[in-house]
Amino acid sequence: MDARKIVIAVVLITMVVFGWGMGMTVMGHEAVIAPLAPALGLTVQQVLRTLRSRNASASAHRAAAVRDKEDGAP
């Protein structure tokens, strides 16, 4: 699955979830939405973090491996 299809799927799923939440709120079911609000916020945060990490370029600077003190112990 290419990146474009993944982004489209994530956007559609997010729209459905938030649409459901807004519909429940409009119908007066705030008690149903209140416990789910933190989970929805966390979902958005994770999706955004995933999208940012895919777009971020890797650094060309690499650190040299350092041996542990335990490796050199007699």
Side-chain angles (χ1 to χ4, degrees):
M1 203 168 177
D2 65 345
R4 185 171 184 222
K5 288 182 182 178
I6 293 172
V7 170
I8 290 171
V10 167
V11 168
L12 288 175
I13 291 169
T14 303
M15 288 174 55
V16 167
V17 169
F18 280 112
W20 174 81
M22 288 179 11
M24 294 297 280
T25 302
V26 168
M27 290 188 294
H29 297 288
E30 291 88 6
V32 176
I33 299 301
L36 296 177
L40 292 173
L42 182 60
T43 301
V44 170
Q45 181 183 13
Q46 290 175 340
V47 167
L48 292 176
R49 183 177 293 164
T50 302
L51 292 176
R52 273 190 253 136
S53 67
R54 283 180 178 246
N55 295 335
S57 61
S59 174
H61 302 289
R62 306 231 176 206
V66 178
R67 292 178 29 156
D68 290 337
K69 291 181 181 178
E70 294 174 359
D71 291 340

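Everything quoted here is computed from the prediction, not taken from an experiment.
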Cluster companions of L12 among Ile, Leu, Val, Met, Phe, Trp, Tyr (side-chain spacing under 4.5 Å):
I8
Out of curiosity, does I6 fall in the hydrophobic cluster containing V11 (side-chain heavy atoms, cut-off under 4.5 Å, transitive links)?
yes
Side chain to side chain contact (heavy atoms under 4.5 Å, CB included) with M27: which residues, sequence neighbours excluded?
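With neighbours one apart ignored, the set is M24, H29.
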Checking Q46 now: which residues fulfil side chain to side chain contact (heavy atoms under 4.5 Å, CB included) with it, not counting sequence neighbours?
L42
